[in-house]
Amino acid sequence: MIPRRDVWFAYLLMVCQGFLFYAVGYLTPYVESELGAPVWASALPNSAMAVGLLVAGTIVPRVVRRLGAAGAVRLWALLMAGSALMMGFGASLPVLLTGGFVVGLAGAGALTHSVATFAGHRHGVLLMRATLASVIGGVLGPLVLSAAARGIGWSLGILAPVPLALAIALLVPVGRGDVAAAASASSADRATGDTTPPPPGRRRLEPPLPRAYWLAWTFLALCIGAESTFVAWGAQVAVVRVGIPLADATALGSLFVVGLIVGRTGLGAGIGARVPPRTMLAAMVAV
């Protein structure tokens with residue numbers, strides 16, 4: 001049984017992650033208009049975030065092993081707060097790129113924590129609710145940036161999740177939340193069927209990943225690529241084709257995330273929990 005407090009810390013962490021992921025995406029037109037970056041460079045913060053996500057594949061497991069799940073959650077929260085501060089107060093493209101990279105790294109850590117904590121519990125409903133929390137943060141991102149751009153400036157709007165991230169870092173109790181670390185460590189053992197430690201100085205050989213894994217990986221890469229492209233360029237396309245103000249186009253882009261909220265709310269409520277995953281996936285693709 002997962003302690004209720006750990007569940008809420010994971011949800012709140014995912015709110016911060018979703019806010020910053022989508023906020024970085026919607027920075028593209030502002031990087032061009034306010035920092036004077038060329039069009040080809042305006043979406044580079046998104047690329048930096050993607051690099052952070054890739055690097056996280058190597059760094060995140062080591063951090064969790066060394067700090068434990070609770071310590072890792074504290075680190076991801078602090079890194080997300082720091083990245084928001086860098087992007088909010090950084091007046092140059094290099095600082096924004098660094099902030100985007102840190103968002104990717106810390107956001108991947110938050111995702112890993114949620115997956116390791118909730119996977120397999122209550123037919124995945126808790127995990128779906130965690131992704132819903134991320135999407136709620138995601139819909140707040142462009143709306144807050146849009147509102148801030150009309151008054152105080154987008155750079156201050158991106159600071160919105162900083163208090164929440166700092167609160168998470170301060171309130172996560174020491175020694176708690178190690179459910180995810182244990183789940184991560186034992187999942188590899190269950191996959192290989194071997195729970196004995198390897199000899200000193202030698203690594204246990206993992207079986208090759210099956211074809212089904214790579215099919216799922218390719219499918220996700222295509223979906224996430226399409227999503228990231230929409231988030232990065234959607235507002236600018238709306239400005240060019242429709243002629244609406246940039247702040248309005250940024251707010252309009254939040255409708256994309258509203259669609260995610262509707263879908264994940266249904267799944268988080270348990271709709272389709274008993275449907276075979278292959279059937280559910282086929283239905284999603286058809287829609």
Side-chain angles (χ1 to χ4, degrees), residues 8 11-35 37 42-46 48-49 52 76-91 93 95-104 106-107 110-111 130-169 227-239 244-262 264-265:
W8 280 105
Y11 288 171
L12 295 176
L13 190 69
M14 291 295 285
V15 170
C16 294
Q17 178 264 349
F19 184 102
L20 289 173
F21 266 34
Y22 282 91
V24 170
Y26 284 101
L27 286 183
T28 300
Y30 299 99
V31 172
E32 180 182 355
S33 63
E34 297 191 21
L35 296 184
S42 59
L44 283 181
N46 287 273
M49 184 171 65
W76 309 141
L78 288 174
L79 286 177
M80 283 193 279
S83 66
L85 290 170
M86 277 190 286
M87 291 184 291
F89 293 112
L93 185 58
V95 177
L96 286 180
L97 294 180
T98 304
F101 174 83
V102 176
V103 168
L111 287 168
T131 63
L132 175 60
S134 174
V135 175
I136 290 173
V139 78
L140 290 175
L143 290 177
V144 170
L145 286 181
S146 173
R150 302 170 193 270
I152 60 177
W154 65 265
S155 59
L156 294 180
I158 204 169
L159 300 178
V162 170
L164 178 57
L166 292 178
I168 294 171
E227 176 183 356
S228 298
T229 302
F230 178 89
V231 171
W233 298 105
Q236 284 176 300
V237 170
V239 169
I244 60 177
L246 179 56
D248 293 341
T250 303
L252 188 64
S254 66
L255 291 176
F256 172 79
V257 195
V258 171
L260 295 179
I261 289 181
V262 172
R264 294 184 184 184
T265 298

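We're numbering straight along the sequence, starting at 1.
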- Using ring pair (Phe, Tyr, Trp, His ring centres under 6.0 Å) as the criterion, list what pairs up with F101, not counting sequence neighbours. none
- Item | Test item: S134 and V15 side chains (from C-beta on) under 4.5 Å apart, heavy atoms | no
- Message: Assess the residue pair V135 and V139 against the criterion (side-chain contact (heavy atoms from CB on, under 4.5 Å)); give the C-alpha distance rounded to whole Å, side-chain angles, the decisive distance to 0.1 Å, and a yes or no.
- Response: CA-CA 6 Å; V135 175; V139 78; 5.6 Å; no
- Item | Closest approach of G88 to L159 (non-hydrogen atoms, all atoms of both residues) | CA-CD2, 4.0 Å
- Item | Worked check of side-chain contact (heavy atoms from CB on, under 4.5 Å) between V103 and M80 | CA-CA 6 Å; V103 168; M80 283 193 279; 5.9 Å; no
- Task: Would you indicate whether the side-chain heavy atoms of L78 and L166 approach each other to under 4.5 Å?
- Result: yes
- Sorted by chain and residue number, the side chain to side chain contact (heavy atoms under 4.5 Å, CB included) partners of A148 (sequence neighbours excluded) come out as I152
Please output the side-chain donor-acceptor pairs of residues 140-147 that fall under 3.5 Å, not counting sequence neighbours, one pair per line with the distance.
from : atom 1 : to   : atom 2 : distance (Å)
S146 : OG     : R150 : NH2    : 3.4
S146 : OG     : A247 : O      : 2.7

- Task: Apply side-chain contact (heavy atoms from CB on, under 4.5 Å) to M87 and V95, showing your working.
- Result: CA-CA 7 Å; M87 291 184 291; V95 177; over 6 Å; no
- Partner residues of I244 under the side chain to side chain contact (heavy atoms under 4.5 Å, CB included) criterion, sequence neighbours left out: A238, V242, D248, A249, L252
- Message: Return the CD1 to OG1 distance between I136 and T131, rounded to the nearest 0.5 Å.
- Response: 9.5 Å
- Query: Which is it for S83 and L20 under the side-chain contact (heavy atoms from CB on, under 4.5 Å) test, yes or no, and what are the steps along the way?
  - Reply: CA-CA 9 Å; S83 66; L20 289 173; 3.9 Å; yes
- Item | With sequence neighbours excluded, residues passing side chain to side chain contact (heavy atoms under 4.5 Å, CB included) with L12 | L164, I168
- Task: Locate the shortest heavy-atom distance separating P45 from L97; write the atom from each residue and the value.
- Result: N-CD2, 3.5 Å
- Which heavy atom in I158 sits nearest to a heavy atom in F19, and how many Å separate them? O-CE2, 4.1 Å
- Item | Gap separating the CG atom of L132 from the OG1 atom of T265, nearest 0.5 angstrom | 4.5 Å
- Message: Can you list everything that forms a side chain to side chain contact (heavy atoms under 4.5 Å, CB included) with T229? Sequence neighbours excluded, please.
- Response: W233
- Item | Smallest separation among heavy atoms of V162 and A81, with atom names | CG2-O, 3.9 Å
